[in-house]
Structure formats: structure tokens, C-alpha cells
2 protein chains.
Amino acid sequence: MSSRLKDVAALAGVSTRTVSNVVSGTGAVAEETRARVQSALDELGYRPNVAARNLRAGRTGLIGLAIPELHSPYFGELAGMIVEAAQQRSWTVVIDQTFGDREAERRLLEGTGGRLVDGLIISPWALGPEELTGRSRDVPVVLLGEQQAHGVADRVAVDNVLAADEATTHLLSTGRRRIAAIGVQPHLRNGTARQRLSGYRQALRRAGLRPEPALERAVTTLHRKHGAEAMSALLEGDERPDAVFAFSDELALGALHVAVERGVRVPEDLAVVGFDGIEDGRYANPALSTVVPDKRQIAERALQCLADRIYSPASTVPPLDIVIPHRLDIRASSGRTG
Amino acid sequence: MSSRLKDVAALAGVSTRTVSNVVSGTGAVAEETRARVQSALDELGYRPNVAARNLRAGRTGLIGLAIPELHSPYFGELAGMIVEAAQQRSWTVVIDQTFGDREAERRLLEGTGGRLVDGLIISPWALGPEELTGRSRDVPVVLLGEQQAHGVADRVAVDNVLAADEATTHLLSTGRRRIAAIGVQPHLRNGTARQRLSGYRQALRRAGLRPEPALERAVTTLHRKHGAEAMSALLEGDERPDAVFAFSDELALGALHVAVERGVRVPEDLAVVGFDGIEDGRYANPALSTVVPDKRQIAERALQCLADRIYSPASTVPPLDIVIPHRLDIRASSGRTG
DNA sequence: CTGAAAGCGCTAACAG
DNA sequence: CTGTTAGCGCTTTCAG
């Protein structure tokens, strides 16, 4: 079985104190002793027991990442970058999926008291601002993509209203006038969909158009399937839209698929713009225009926030509100026609 | 700060033993005492310290998942299912990305001695069979998608040769004769690409065709970009293929994109089949035919293996070799023409 | 420079 | 039914 510090000490003929010093590089050890200890270490293939070290240190070197679902490309890409950024800081990431479940989100937020993790990055869907403000948590928390909670915890998100406005304005600039929005989510409390809707309406109004309820389609999830269903409904409606702004790339890809399948010409008859900048969109047919949040920066800043709070627990810096830049990638699905 | 068992005991006027019993539901506790302890528990918002519990129990409740990259749809979907299956077994998953790096893979495999995790699921890319057989590890390991290592550890994988044969045979059955293969990876040691290539060749030979080196395209990664590049090269070649079998859906989607963009009619002029059954393919234009491994079952069986080894460490059951079923989903990209 | 020993918070064997 | 206590393996204070 695996050997302990004590075994190594016995083999090298020194105390555990000295072995510990050699392992961690702490303190001063005579060169001769160090060599002897090192060979004992190698011979036994010693690995420090993480649990014991954690218990002693009061830190685990783990951070939690709680996201709705790992299989969606957006969260998959983001999670990958967070894991990578964490590795660079010598942290290990523990992943939980909430599936947008209120209880799961609440449990994770409150259950962090077990000190399994030194910090938590959570992307809440079902939890509203008031629920995020629970009893004060004992590990630092960073909220991802949540723009309603003020002063509760550090937040990292793009400016959804602005981004949606830009996407819609782009469609208007190509001459579209009946622009549908796919992705309204009245059942979620995180405000993302609401903000994108509001940016969309804002752009329409500025162009002198009036938002039409028939063009604002609700979905139960952000998956392709529901984008496809929403598109079907729109195509079967009385007045077809000439453009679609989908609140996620997945919805947009579902919509695109249905449109192309039914012989609608994209972008000539229908322009499509998505949101998230996932890799799939780049290779879709036609390639999908999309709002691209700087995911790499989301990951970096979120970890930076955690690091600051973890290493300076006494810090009185108020909760940060970090706005991540985004850009609009215009591709074939909304390319200017003739 | 967070309270300890001792604090709760003091508040409730009992010993830590009793509190421990209440928390864990072990032993018998008088109803009256239990109530008193419970209210003390609630009042202090007690959470057991995971590190201490782990140290005591010799288990952490964590399992490691080491995959090349989280952002690729295949691994994203698979990781999601593994996290889900682990949650059901009350395990938490720690994710590491190896990016197919030999050193990273080796480190993870050997570094499991720290007992951070109770078990490890790893999908090796760069490590060959001989390297997998290192010093005997002290936590159970499950190999994913590795079919060369015999008797080293439990393995869970689809029958790549068979699956590739089926995909190729399907293309042959639609009348294709110049079938290209995209995805040869001479630099990787995990054997997956080699096996798919061998299944592909086997099908060709059975049909009386001879494999042509010009039609077997190597790639450096399985990403869409390299599928696109391989397709470009094929289209610019002297004799165009009338079908493509890509060793991953991502490669297939990259190829599909380039083909459609250049006006090649799919499936009339070119049929495309991928491998992995990722969600993107279903909504591609045209929808992508693909070999679909039962990912849910991969996740389930891998966890089952770990559970068996972890809970019966003394088991003498030899390393298992689990073959996961797959199916061929024929969609528009290879639909029979005329 | 190195040894002895306390203690992180918890569980469980051993009393009572 | 409940209290006392010995460690799990490590780091670190205090001596030497």
C-alpha cells in the first residue's frame, strides 16, 4: 500500500519533520540528509496524502464549478477554459451540473460549507437575486452571467442588453424589418434571456419598429431542438419573419437547420444571428453569424476573482462587477444580400 | 467561521460522539437528545469538514476524469454523462484535461497516489499500452476508448474496427466507390484511429476494392478545422472522392462545410459519414450520418467498474474488457441517391 | 540542522 | 443510550 511520511522517516533514519521539510522544500536540510531522504522517498514511491494535508492546511486546492450542463457547447467550451486556467494556478476543478434546477443550485451555494472547495464559480439559472443573497457563505463565490444580483458576490458577464442590441441592429442594417427573437425564457430567473430580449426591443424601437409578440418566441431550453421547433412555428405563421435573432447559438443552429431543410434561402430570404460564439457555428451551412463573448477572459477573470478572495479573506473590497467584452462575428447566415 | 462537531456538542450539552451519531444517522440516539442536537446543528449551520472525514475514512468521495479536452463536443457530452452518473453514486468528479500530452497523461496516471481521488477514468491519447502498464497503481483505473492495452486495467470502448467497417460498407451500399478516409493519426498511440482505418480498409477489400493511400488523409487533431483542410485537399486532388468517412463527427462537419461551400452537392456528389454521434451532426445541413457509440452506457459501465474495484479492493477479478454497443445513424449526408 | 509532540476535525472502538 | 479517547497523515511550534 502507499507509504506514509513515517515510513520514509524510518527508512532514512530521520524524523518525520525532516522528511516533511525535504518534500515541501521548507526549512534547511543538510545536503547529505536530503540525499538520504530523497532516495528513501523514491524507493517507497511516496505521495503525500492530500486529505491529511488539507485537514492541516484548511485548504483543499479544489474549486467548484457549477454549471447547468456540460454537454452544451457553450458550457463545454467555457468549462474547458476554466479547468485550464485553474490548472495554471495549481487548482483542481470539481464539476457539478445543476441542469438549471433550483434546489441543486441552492444546495451547491449553501453546501460549500463542507470546505470541499476553496471557492465556487456558479452559473445560476433558476436562482433569483434574492436567493443568491443567503446566509453569508464561508467560501468565495463568483457568479457567471448573472446581471441582476448586486453586491452579493463577484459577477462576471457580458453586457447582454448591448450585445443583443448590436445583433439586432446588424440585422436591421441589412434591410430586415420582420426580425423574430427566439429564446425568451419566462421560467428562468437569471435574467439573461430577459436582457437579450430587452436589447432586441430597444434596437427595434430605435429603428422606429414596434416589437410584435408573435415574433418573440419562448423556449423551454436553449437546445437546438427547441430552436428548430420555434422556427417551424414561425415558418408556419401568417407572416414569415425575414430574420431571426436567437438567444443562443444552439437555438440558432436548430432554426437554421429547419429553415434550410424547408428550402428557405439563408441569408437571402432569412438572416440568422446567434449568441455564444461556439465552434459549431463557424462550420455550419451557412456559417452562423453570432455574438461572441470572450470566453477565455470570462474564465480568467472569474479565477482571478476567486484567487483574490481566497488569498485575502479579510479583504474589504466590495463585490466586483466585471463586464466582459464581446464582438459580433458576421458570417454567411446574415451576410448582406445583393 | 464554520463550526465544528465540538462546538455543536458544547451547545447541545452532549459529547461529540452523540453529535456525530446524529449527523451520520449511525447508532441509536434518544429522541429527545436527537432533537436537542439537531437544533444546535441548525443554529450553528454545521457542515462536516470533508478533509477530516476523508482522512479518517481513507476515501475522498472524488473520482478523477482525465480527458484530452473538454471543449470538443464528444468529450463534453461524455463528461456530462460521467458527472451525472457519478452524482447518482454520490461521487464528485474532478476533471483534468491532458490535451493529448504524454507527460500530462503519465502524471495523472501515476500521480493518483496522492489519494485525492478514489478512482480514475482516463481516455489516453498519447500513452501506448506499455506505458499504461507502469508500477501498479493504488487506485482503480478505467481506460476509455483504448483497445490495445490488455490486462492492464478495466477498459470500456466500442468495437472500432467493426464500426468503421459498417460505416464504410454503408457507403459502398449506396454505390460509392471512391471513399476517402479522413482522420488517420500516426502520431497518437491510443490505437483508435488505427482501428478505424483498419475497419475501413477491411470493408473496401471485402468489396473488392483496393485501399488508396491518396484517399487516406492524416490529420493532426480531430477538430473541424482539420477536417476542412483535408476535404479541401481532396477536392483539389486529381480524382475526387465520391464519399468521405471521417473518424470523428467534428472532422466530418469540417469536411461537410467545405464541400457545401464549394458547391459540391451532398449527398448526390459526395456522401459523408462521421463518428461519435454528437448532437451537432443531427442539425447540420445536411444532417450528418454517423456512428453513434452508446455514450450513456460508456459512462455507466465505466463507473460501475470503478465502483466494483473501489468497494472490493481485494477482488481478484481480472481486468475487464467491456465492448459498448454502437449503431449507425443514417441521415441526409449519406442518404441513398436516386 | 533535527527530534518530539501537538493538533487540524472527524469516526469508531471501548467503556460505562 | 452516551461519554472518553485514540488515531487517520500531515505540518509546525518548541526544544535541543
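Proteins get letters first, then strands, A, B, ... in listed order; numbering begins at 1 in each.
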Please pick, from C:dG9, D:dT2, D:dC10, the nucleotide with the shortest atom-to-atom distance to any side-chain atom of A:Asn49. D:dC10
Non-hydrogen atoms of [X] and [Y] that approach each other most closely:
X	Y	answer
B:Pro68	B:Thr98	CA-OG1, 3.3 Å
B:Ala153	B:Val141	CB-O, 3.5 Å
A:Val93	A:Ile82	CG2-O, 4.3 Å
B:Ile121	B:Ile63	CD1-CD1, 4.4 Å

Give a yes or no on whether a salt bridge exists between [X] and [Y], defined as a side-chain N under 4.0 angstrom from a carboxylate O.
X	Y	answer
A:Glu300	A:Lys295	no
B:Arg106	B:Glu103	yes
A:Arg59	A:Asp118	no
A:Arg296	A:Glu77	no

When all nucleic acid strands are considered with a 4.0 Å heavy-atom cut-off, which category describes A:Ser24: base, sugar-phosphate, or nothing?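 Result for A:Ser24 = nothing.
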Using heavy atoms and a sub-4.0 Å distance, could you list which residues of residues 53-64 of chain A are near DNA chain C? By number, please. A:Leu55, A:Arg56
Interface with DNA chain C, restricted to residues 13-23 of chain B and to heavy atoms under 4.0 Å: B:Arg17, B:Ser20
Please tell me which of B:Ala30 and B:Ala52 maps to the more 5' nucleotide of DNA chain D, matching each residue to the nucleotide holding its nearest heavy atom.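 Result: B:Ala30.
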Just how far, in rounded Å, is [atom2] of [N] from [atom1] of [X]?
X	N	atom1	atom2	value
A:Glu32	C:dC1	CD	C1'	12 Å
B:Leu5	D:dG3	CG	C1'	13 Å
A:Arg34	C:dT2	CZ	C1'	14 Å
B:Asp7	C:dC10	CG	C1'	13 Å

Phosphate OP1/OP2 of D:dT11: any A:Thr26 side-chain N/O under 4.0 Å: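 No, no such contact exists.
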Roughly how far apart are A:Leu41 CG and A:Arg36 CZ, rounded to 0.5 Å?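 Answer for the CG-CZ pair, A:Leu41 versus A:Arg36, is 13.0 Å.
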